[in-house]
There are 2 protein chains.
Amino acid sequence: MTLDDEIARLAALANPHRFRIIALLAKESLHVSELARRLGMSRALLYMHLQRLESAGYVTGHLELSDEGKALKFFEVVPFAVTTTVASIVAAVEADTESTH
Amino acid sequence: MTLDDEIARLAALANPHRFRIIALLAKESLHVSELARRLGMSRALLYMHLQRLESAGYVTGHLELSDEGKALKFFEVVPFAVTTTVASIVAAVEADTESTH
DNA sequence: CCTACCTGCAAGTAGTAACTTACACGTGAC
DNA sequence: GTCACGTGTAAGTTACTACTTGCAGGTAGG
């Protein structure tokens with residue numbers, strides 16, 4: 001885990017909308033439009049947050065065909081536990097200063 | 001721990017400068033100007049980062065009088081371990097929706 | 001006096017994350 | 001055809017964080 005990755009993972013979590021997205025998806029896998037309805041936010045905005053969460057590895061999305069033939073994009077959480085300590089920060093910074101020497 | 005607090009704590013960590021500040025202070029307590037010199041950043045900018053870290057509870061600062069009578073503001077890290085999991089997020093969001101019901 | 005340190009803050013700018021609006025496209029039902 | 005559902009993206013605005021510059025104040029020493 002590089003310094004940038006660790007920071008990106010923390011930054012991806014640090015947002016109330018994204019907290020609510022994860023909390024909802026933790027209980028059931030939902031498709032984008034349904035998720036937007038439950039959260040009361042625009043689909044376009046939700047997309048942005050889902051992308052951030054997905055690229056940080058907290059959720060994954062996949063297309064699914066409904067009975068009516070509609071393509072639905074379902075998202076689900078990837079179980080995780082992010083721990084940051086003084087020691088992990090020291091290690092990340094040192095690894096970074098080594099590599100860029 | 002409220003939802004906002006938890007997010008503030010995560011956001012306060014999610015920054016490369018602040019990672020370096022913590023990594024430096026983990027080894028020795030330093031005063032602001034010395035810290036700025038070691039990090040190669042302006043004192044004013046460092047101040048802003050220190051304030052964010054202090055209000056999130058990761059570091060503490062106190063004035064100290066040097067032998068030459070100069071007032072130096074020393075900072076040191078408050079040992080911490082921040083863990084965020086799917087369960088902790090669900091709990092935080094539920095506690096929040098309860099309180100604001 | 002001037003220089004060399006230090007703390008502390010305020011005002012302005014730059015850069016980025018968040019958010020809105022609007023569009024293109026595709027399916028099934030009326 | 002049109003309506004109601006869905007995905008996906010691009011362009012523009014707002015709001016916030018990060019950052020710079022500059023100044024005020026203090027102490028010690030030449």
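All chains are named by letter (A, B, ...) in the order of the sequence lines, taking the proteins before the strands, and each is independently numbered beginning at 1. Every heavy atom of this structure was used, including side-chain atoms; hydrogens, water molecules and symmetry mates were not.
- Residues A:R43 and A:V32 meet the side-chain proximity criterion, which asks for heavy atoms closer than 4.5 Å.
- Taking the side chain as every heavy atom from C-beta outward, A:L35 and A:L50 approach each other to under 4.5 Å.
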| query | Between B:R9 and B:E6, is a salt bridge (Lys or Arg N to Asp or Glu O under 4.0 Å) present by the stated rule, with each step listed? | reply | CA-CA 5 Å; B:R9 273 178 78 81; B:E6 205 162 329; over 6 Å; no

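- Side-chain N/O atoms of A:S33 include one lying less than 4.0 angstrom from OP1 or OP2 on D:dT7.
- Rounded to a whole Å, the CG atom of A:L50 is 10 Å from the P atom of D:dT7.
- The CG atom of A:L63 sits 10 Å away from the C1' atom of D:dG8 (whole-angstrom rounding).
- Taking the six-membered ring where tryptophan is involved, the planes of A:F74 and A:H31 are perpendicular, since the angle between them exceeds 60° and thus also 30°.
- In terms of phosphate contacts, A:N15 brings no side-chain nitrogen or oxygen within less than 4.0 Å of OP1 or OP2 of C:dA17.
- Between C:dC6 and B:R37, a contact under 4.0 Å exists linking OP1 or OP2 to a side-chain N or O.
- Counting any heavy atom pair closer than 4.0 Å across all strands shown, B:A44 reaches a base atom.
- For D:dT17, the OP1/OP2 oxygens have no side-chain nitrogen or oxygen of B:H49 closer than 4.0 Å.
- The phosphate of D:dT20 has OP1 or OP2 within less than 4.0 Å of a side-chain N or O from B:S42.
- Looking at heavy-atom distances under 4.0 Å, B:K70 makes contact with a base.
- A:F75 and A:M48 end up in the same hydrophobic cluster when Ile, Leu, Val, Met, Phe, Trp and Tyr side chains are linked at under 4.5 Å.
- A straight line from CD1 of B:I21 to P of D:dA18 spans 11 Å, rounded to a whole angstrom.
- Taking atom NE2 on A:H17 and atom P on D:dA15, their separation rounds to 14 Å, with Å as the unit.
- A:L46 has its CG atom 16 Å from the C1' atom of C:dT21, to the nearest Å.
- If you take CG of B:D67 and P of D:dG29, they are 11 Å apart, rounded to a whole angstrom.
- Within the 4.0 Å cut-off from OP1 or OP2 of D:dT7, at least one side-chain nitrogen or oxygen of A:H31 is found.
- Here the C1' atom of nucleotide D:dA10 and the CE atom of A:M48 are 15 Å apart, to the nearest Å.
- Taking side-chain N and O atoms only, A:R18 has a distance below 4.0 Å to OP1 or OP2 of C:dA18.
- At whole-Å resolution of the value, CG in A:L39 and C1' in C:dA18 are 16 Å apart.
- With hydrogens and angles ignored, no donor-acceptor pair closer than 3.5 Å exists between the side chain of A:R43 and the base of D:dG6.
- Using a 4.0 Å heavy-atom cutoff across all strands shown, B:L45 reaches at least one base atom of the nucleic acid.
- Between A:S66 and D:dG6, a side-chain N or O to OP1/OP2 separation shorter than 4.0 Å is absent.
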